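Step one of this worksheet: look at the structure below.
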2 protein chains.
Amino acid sequence: MIKLLLAEDQGMMRGALALLLDLEEDMEVVAQVPAGDQIVDAALAARPDVALLDIELPGRSGLDAAADLRDRLPSCKVLIVTTFGRPGYLRRAMEAGASGFLVKDGPVEDLAAAVRRVLAGERVIDPGLAAAALSAGPNPLTPRERDVLTAAVDGATVADIAGKLHLSQATVRNYLSAAIGKTGTRNRMEAVRAARRNGWL
Amino acid sequence: MIKLLLAEDQGMMRGALALLLDLEEDMEVVAQVPAGDQIVDAALAARPDVALLDIELPGRSGLDAAADLRDRLPSCKVLIVTTFGRPGYLRRAMEAGASGFLVKDGPVEDLAAAVRRVLAGERVIDPGLAAAALSAGPNPLTPRERDVLTAAVDGATVADIAGKLHLSQATVRNYLSAAIGKTGTRNRMEAVRAARRNGWL
DNA sequence: CAGGCACCATGACATTTGTCAGGGGTGATC
DNA sequence: GATCACCCCTGACAAATGTCATGGTGCCTG
């Protein structure tokens, strides 16, 4: 019996997937969590064979949790299941030791198949996405540039960002300018969108 | 047998829900579409009793399709099933003649229950959301202000927007300023976010 | 140890953005 | 026929934003 952990914030999606996977004769969902900061605890308690993790979760990113899982429960394979096939996400997932990366666009049948393949030691990755990840290259933003850009996502002014990160306003403008340059965009808003699209935040 | 139409762009979600609803003894999914512009055609062909529609779909909004369905296939009840419980969405859904409004956060069991209640002539609406919709009030933005704001979502400059909408730059700035004022925000980006959060775009 | 890189900061500058006070035009409503 | 809301425009001004040049600090690596 393959024991599964399911981390997904949308209740309906989580419930539907759990039901679906439970229908497979050789699978059993032994834990379901709606938040990223519950993943590791639940996994240590339920000891699943495969963890299906969403990335954008409340509390903590599924990617961070994946890295943690690799250390604390190495027997458990990680399969990332996400809405957004962002190149940077795939890259980070691989670095975090994930065995597979699935987008929620595909047919449901892929899911159980992917679980089995992952458990067999294979790596499961959308081929088109893999190409995109390679062509997009690695994240060009420095940590500080990321900080400033993430602080700018919701329309914060330079003063807001400077206050939050304890920087001078001029410094913030410099980082923003650098980020705009590196993303090849024309302003803050475009830079934020570009960075997001690539999974750089 | 209750015949259902399912409109949802995420393949995995669509497949899982379809499977789930088909498991109910008295229900049958007679049509599945991944895009908004396929809803009406599919409904006219399959003649479902209830249509489960997502809002944010490629091609066409589920809300627009709902309004169309009311005219072209009045026998078919509409149940909106969406990720985002935005007050403005709920309001528009009601105006489009929807019989129910569900957010994907809740448990899956709600779904089949909602279908039955809708078919019994009830209105199914999340109570908390209804309150939010009332307290948020109607959309304060004029059509033109909406146009300008939607043109600004991806970081377009004033010149871009003016070009796209064939307006003078000063006019665009005025509409943006008005939108910023009405949303009670400090700049374009915040205004866009606020308008989106309320479902005003 | 030198060079490179990320980090933090300044100051000056041009550009963009947001605001305000106008002026016309339309159509609906009272 | 007056009023009102929306539409489109102008011009001027203050504030915020983006760019550049420059300089100092650490830290790692060849």
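Since the model is a prediction, treat every value here as computed from it, not as a measurement. Protein chains get the first letters and strands the later ones, always in sequence-line order, with residue 1 at the start of each. What you see below is based on every heavy atom in this structure, not just the backbone, and it leaves out hydrogens, waters and symmetry mates.
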Would you mind reading off the distance between [X] atom [atom1] and [N] atom [atom2], rounded to a whole angstrom?
X	N	atom1	atom2	result
A/Asp147	C/dC7	CG	P	8 Å
B/Ile161	D/dC8	CD1	C1'	16 Å
B/Leu165	D/dC7	CG	C1'	13 Å
A/Tyr175	D/dT17	OH	P	18 Å
A/Met189	C/dT16	CE	P	17 Å
A/Glu145	D/dT19	CD	P	13 Å
A/Leu141	C/dC5	CG	C1'	15 Å
A/Asn187	C/dG18	CG	P	10 Å

Of the candidate nucleotides [options], which contains the atom at the shortest distance from the side chain of [X]?
X	options	value
A/Leu176	D/dC7, C/dA9, D/dG18	D/dG18
A/Ser177	D/dT19, C/dT19, D/dC9	D/dT19
B/Arg188	C/dG18, D/dC7, C/dC7	C/dG18
B/Ser168	C/dA9, C/dT17, D/dT10	D/dT10
A/Asn174	D/dA21, D/dT17, D/dC7	D/dA21
B/Leu167	D/dT10, D/dT17, D/dC8	D/dC8

Checklist entry - When all nucleic acid strands are considered with a 4.0 Å heavy-atom cut-off, which category describes B/Thr142: base, sugar-phosphate, or nothing? => result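 Sugar-phosphate: the residue B/Thr142, judged by heavy atoms under 4.0 Å, touches backbone atoms but no base.
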Checklist entry - Across the strands shown, which category fits B/Arg144 at heavy-atom distances under 4.0 angstrom: base, sugar-phosphate, nothing? => result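 Answer is sugar-phosphate: B/Arg144 comes under 4.0 Å of backbone atoms only.
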Next on the checklist: Determine whether a donor-acceptor pair (N or O, by modelled atom type, separation under 3.5 Å) exists between the side chain of A/Thr183 and the backbone of A/Ala179.
Outcome noted: yes
Item to check | B/Asp110 side chain to B/Gly106 backbone, donor-acceptor under 3.5 Å | outcome: no
Checklist entry - Think A/Arg92 forms a cation-pi with A/Tyr89, using NZ or CZ under 6.0 Å from the six-ring centre and within 45 degrees of its axis? => result no
Item to check | DNA chain C: 5'-proximal contact among A/Lys182 and B/Ala170 (nearest heavy atom) | outcome: A/Lys182
Next on the checklist: For B/Met13 and A/Gln10: C-alpha separation, side-chain torsions, deciding distance, then whether side-chain contact (heavy atoms from CB on, under 4.5 Å) applies.
Outcome noted: CA-CA 11 Å; B/Met13 185 66 139; A/Gln10 262 193 336; 3.9 Å; yes
Checklist entry - Are any of A/Thr171's side-chain N or O atoms less than 4.0 Å away from OP1 or OP2 of C/dA9? => result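 Checking C/dA9 against A/Thr171, a side-chain N or O does come within under 4.0 Å of OP1 or OP2.
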Checklist entry - Between atom CG of B/Leu4 and atom CG of B/Asp22, what is the distance when rounded to the nearest 0.5 Å? => result 8.0 Å
